[in-house]
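Start at 1 and go down the list; that is how both ligands and their atoms are numbered.
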Amino acid sequence: MPLQPARTVDELRELKELTGDENGAQRVAWTETWERAREWLRGKLAAVPAEEQIDAAGNQWFTLRGASEQALLIGGHLDSVPNGGWLDGCLNVTAGAEVLRRLAEEGEPAVTVRLVNWADEEGARFGRSLFGSSAAAGSMRDQDELRQLTDRDGVSLPDALAAHDVDLDRATEARGQLENAAAYLELHIEQGPVLESLDLPLGVVLGTFGVERHRVTWTGQAAHAGSTPMDKRRDALAGAAKLALDIRRIAAETGDGAVCTSGGVVCRPGIVTSVVETAEQLLDQRHLDAAKLTAMLAEARRAADAFAAEEQIDVSWERIWGIEPILFDDDLLALADEAVTDVSGASHRLPSGPLHDAAEVSRAGIPTVMLFVQSLRGLSHTKLEDTKPEHLELSVRALDALAAKVLAA
Ligand SMILES: [Zn+2]
């Protein structure tokens with residue numbers, strides 16, 4: 001049987017029916033609906049001579065033994081955010097299942113091929129993304145914090161994991177899974193508007209953005225809104241407002257896809273009759289180039305100092321979170337360009353703003369690449385998330401072509 005990309009689209013619709021409702025996909029990790037999705041995948045691959053294994057972090061693996069122990073990995077995630085879309089994560093799991101079926105029909109592959117359904121990519125319930133892939137990659141170092149996490153109903157993460165036979169203390173034993181990995185491939189919807197604006201169905205992902213996330217606290221003086229003349233004010237919000245606008249200039253001058261977001265400002269005392277005394281501003285900056293990301297942060301700090309002086313207020317910075325840019329493998333990027341060009345006539349390279357499991361695998365030193373398929377209107381994490389069926393079929397062909405090229409290399 002040759003590859004049947006239309007079957008992947010049918011299966012995605014089937015999964016949507018099985019695990020979604022009128023508000024969208026409900027496959028939140030460590031829930032019964034998520035377990036139902038894993039059971040569904042197990043059924044889909046029952047006829048394929050691939051061994052199933054759930055590892056110590058809850059990742060679901062299907063291994064098709066090849067002539068060599070060296071393994072080609074294809075990975076995605078069946079978990080979704082609440083009220084999520086029908087494609088985020090599960091496209092690659094179902095497309096990978098189709099590739100596995102095609103390979104199994106052709107007899108023993110040259111190298112072992114493994115499909116992985118990563119556990120809890122989204123972190124929707126406990127706020128910790130990339131759970132299963134970080135455990136396998138060896139970058140999970142926050143088990144003390146993870147032990148304290150609870151969901152909205154007060155259920156602790158360790159208890160939620162235990163209900164699915166995962167022991168948090170042993171999760172990092174999943175690390176053994178990447179031992180023989182020679183390459184990792186991940187197909188994902190773009191979740192942004194770039195490919196649609198270029199009228200291209202498919203793209204090759206250069207890597208994932210580095211992120212600098214800070215809390216910028218501006219401190220002025222609370223004063224009566226009626227009795228304080230305009231030139232006597234030390235208004236903390238003025239600094240935050242100037243920076244919120246100036247990051248547009250900073251991103252534009254940095255270029256190459258730079259993005260800066262002032263995601264929120266909390267003002268105190270926060271009443272209509274007072275000048276703002278403190279303004280806590282959240283700043284998120286992203287770039288694919290580590291040096292440019294560092295320079296962009298330095299420029300924001302320099303601008304903030306200038307605004308603080310102009311407004312006679314103080315400013316302080318606290319780093320909330322950060323991750324370095326992760327660049328995918330050059331050789332795999334070249335093969336991915338060939339595969340995408342073969343099936344759709346043209347290839348375009350673009351960075352990924354969101355993080356993906358592929359970033360964790362790449363961090364572990366496994367040669368990695370991702371393919372993106374166009375998202376309509378750039379929407380994701382909503383039931384409005386969509387991709388044209390013909391583009392989904394092309395994406396399955398591209399993943400299969402890429403897997404064939406990697407196996408031949
Ligand atoms: Zn995803």
Do any side-chain atoms of residues 250-260 form donor-acceptor pairs under 3.5 angstrom with protein atoms, and if so which ones, sequence neighbours left out?
| from | atom 1 | to | atom 2 | distance (Å) |
| --- | --- | --- | --- | --- |
| E253 | OE1 | R249 | NH1 | 2.9 |
| T254 | OG1 | I250 | O | 2.7 |
| D256 | OD2 | K292 | NZ | 2.5 |

Verify whether one side chain among W61 and D55 offers a donor that lies under 3.5 Å from an acceptor in the other. yes

For R141 and S134, which I'm curious about, is there any donor-acceptor pair between the side chains at under 3.5 Å? no

Ignoring hydrogens and angles, write down the donor-acceptor pairs under 3.5 Å from the side chains of residues 396-403, residues two or more places apart or on other chains.
| from | atom 1 | to | atom 2 | distance (Å) |
| --- | --- | --- | --- | --- |
| D400 | OD1 | R102 | NE | 3.0 |
| D400 | OD1 | R102 | NH2 | 3.0 |
| D400 | OD2 | R102 | NE | 3.4 |

Per the side-chain hydrogen bond (donor to acceptor under 3.5 Å, both in side chains) rule, what does the pair list look like for residues 367-377, sequence neighbours excluded? none

Is a donor from one side chain sitting under 3.5 angstrom from an acceptor on the other, for Q191 and S380? yes

Protein-derived N, O or S atoms lying under 2.8 Å from the Zn ion (ligand 1), waters excluded: 3

